[in-house]
Amino acid sequence: MAALDDIVRNFPDSAWDAAPCERAPTTSVEHLLEAGHVLCFPHLPFELTAAEQRFLTPSISDGHAKNISLRDDGSIRGASGSPHDQRELRDMIVRFSQQAQHLVDRLFPHYCGKLRAAKASYRPMQVEGRATSWRKDDTRLHVDAFPSNPVHGVRLLRVFTNLNPAGKPRQWRVGEPFPEFVQRFAPRLTPPLPGSAAALRALRITKSRRSAYDHYMLQLHDKMKADLGYQKAAPQRDVDFAPGTTWVVFSDQVLHAVMGGQYMMEQTFYLAPDKQLYPHTSPLKVLEDLMGKALLPAA
Ligand code: SIN
Ligand code: FE
């Protein structure tokens with residue numbers, strides 16, 4: 001299990017795919033990711049073309065969404081600018097998405113053909129001073145879990161790159177190992193109300209039925225964010241990701257918060273927990289073991 005003092009593991013890779021000139025590119029590090037490490041590549045930048053530099057401004061956002069995202073159907077959401085700008089922005093996010101795919105294919109051969117690429121995004125907004133509700137406040141430690149988007153135990157693997165042009169790091173805090181966190185919060189968890197999953201679905205609050213797993217992950221997310229004592233006193237450390245750094249993490253497992261930064265790329269992948277190298281490390285299994293019952297409906 002990743003202890004806080006060595007939670008970040010650094011690797012020297014300087015190419016997204018295994019370029020022939022690259023010495024000893026990293027591969028087969030599934031065990032580190034699954035143990036809750038942050039895999040960090042300080043020499044793996046996402047290069048913008050000269051023309052793309054013009055997108056390094058928050059005004060490229062449409063002002064509604066906090067991110068500009070690339071959907072499964074290839075369209076982008078959240079961007080302002082002319083149709084020409086939007087096309088180029090889309091191409092930029094697609095390029096990041098492809099590079100992230102090359103990287104995970106190389107790092108995690110055990111997941112080959114099992115990772116499903118989800119949303120990719122460009123995040124041009126400054127983190128500091130962003131006003132949100134406590135529940136959406138990612139400056140508070142949390143594991144990723146979303147009210148409208150049940151995942152049924154599927155893992156969230158994320159690739160991030162800081163592309164700040166002015167030397168500003170992406171400033172994170174990371175917290176204690178997931179099993180220890182769950183032990184601490186378990187006494188406060190309450191079961192779903194009978195009928196609530198069907199009601200949430202009927203009201204279209206959730207995009208699919210919220211499983212018991214999703215219910216408890218959301219409770220853990222909410223109770224951790226709402227507990228200011230825990231936010232302050234919990235085991236944690238600061239981690240700065242300098243511009244030009246790429247990092248890879250299971251964001252449903254590693255407790256994280258973002259305290260500062262601006263301009264970042266992100267690609268999410270889904271992985272079924274039974275496709276892991278060590279499925280018992282998944283949040284699903286950790287929670288099921290603790291509660292002594294299945295948290296997904298029988299298939
Ligand atoms: C998050 O997943 O909490 C946000 C990470 C970031 O914006 O750096
Ligand atoms: Fe998060």
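All ligand and atom numbering here is 1-based and tracks the order in the structure. Residue numbers start at 1 and run along the sequence shown.
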Task: Where ligand 1 meets D144 - atom numbers and elements under 4.0 angstrom, heavy-atom basis - done: 2 (O)
Task: Close approach of H142 to ligand 1, heavy atoms, under 4.0 angstrom - done: yes
TODO: Please indicate whether K285 has more than 12 foreign heavy atoms, meaning atoms of other residues, nucleotides or ligands, lying under 6.0 Å from its NZ.
DONE: no
TODO: For atom 4 (C) of ligand 1, find the nearest protein heavy atom and state the residue, atom name and distance (0.1 Å precision).
DONE: R123 NH1, 3.7 Å
Task: Under-2.8 Å protein N/O/S neighbours of the Fe ion (ligand 2), ordered by chain then residue number - done: H142 NE2, D144 OD1, H256 NE2
- [ ] Mind jotting down which residue pairs meet the ring pair (Phe, Tyr, Trp, His ring centres under 6.0 Å) criterion with at least one end in residues 202-229? Sequence neighbours excluded, please.
- [x] H142-H221
Open item on the list: Please verify the inter-ring angle class for Y111 with F250; under 30° counts as parallel, over 60° as perpendicular, anything in between as tilted.
Closed with: tilted
Open item on the list: Please determine whether a side-chain nitrogen of the Lys or Arg among R130 and D138 lies less than 4.0 Å from a carboxylate oxygen of the Asp or Glu.
Closed with: no
- [ ] With salt bridge (Lys or Arg N to Asp or Glu O under 4.0 Å) as the test, would you mind laying out the steps for R106 and D17 before giving the verdict?
- [x] CA-CA 7 Å; R106 173 155 64 80; D17 46 10; over 6 Å; no
Open item on the list: At under 4.0 Å between heavy atoms, is it the side chain or the backbone of V127 that contacts ligand 1, or both, or neither?
Closed with: neither
Task: Heavy-atom nearest neighbour in the protein, as seen from atom 2 (O) of ligand 1, with distance rounded to 0.1 Å - done: H256 NE2, 3.2 Å
TODO: Determine, for D222 against R135, whether the closest basic-nitrogen to carboxylate-oxygen distance falls under 4.0 angstrom.
DONE: yes
- [ ] Could you say whether the N/O atoms of R170 and ligand 1 ever approach to under 3.5 Å?
- [x] yes
TODO: Check ligand 1 against M264 and write out every atom of the ligand that is under 4.0 Å from a heavy-atom position of the residue.
DONE: 6 (C), 7 (O), 8 (O)
TODO: Please report the closest heavy-atom contact between I76 and I93, naming both atoms and the distance.
DONE: CG2-CD1, 4.4 Å
Open item on the list: Between ligand 1 and W172, is the shortest N or O to N or O distance under 3.5 Å?
Closed with: yes
Open item on the list: Looking at F146, I want to see if its CZ is surrounded by more than 12 non-hydrogen atoms of other residues, nucleotides or ligands under 6.0 Å.
Closed with: yes
Open item on the list: Within the structure provided, determine whether Q99 and Q267 are in side-chain contact (heavy-atom separation under 4.5 Å).
Closed with: no
Task: Mutual orientation of the aromatic rings belonging to W247 and F160 [parallel < 30°, tilted 30-60°, perpendicular > 60°] - done: parallel
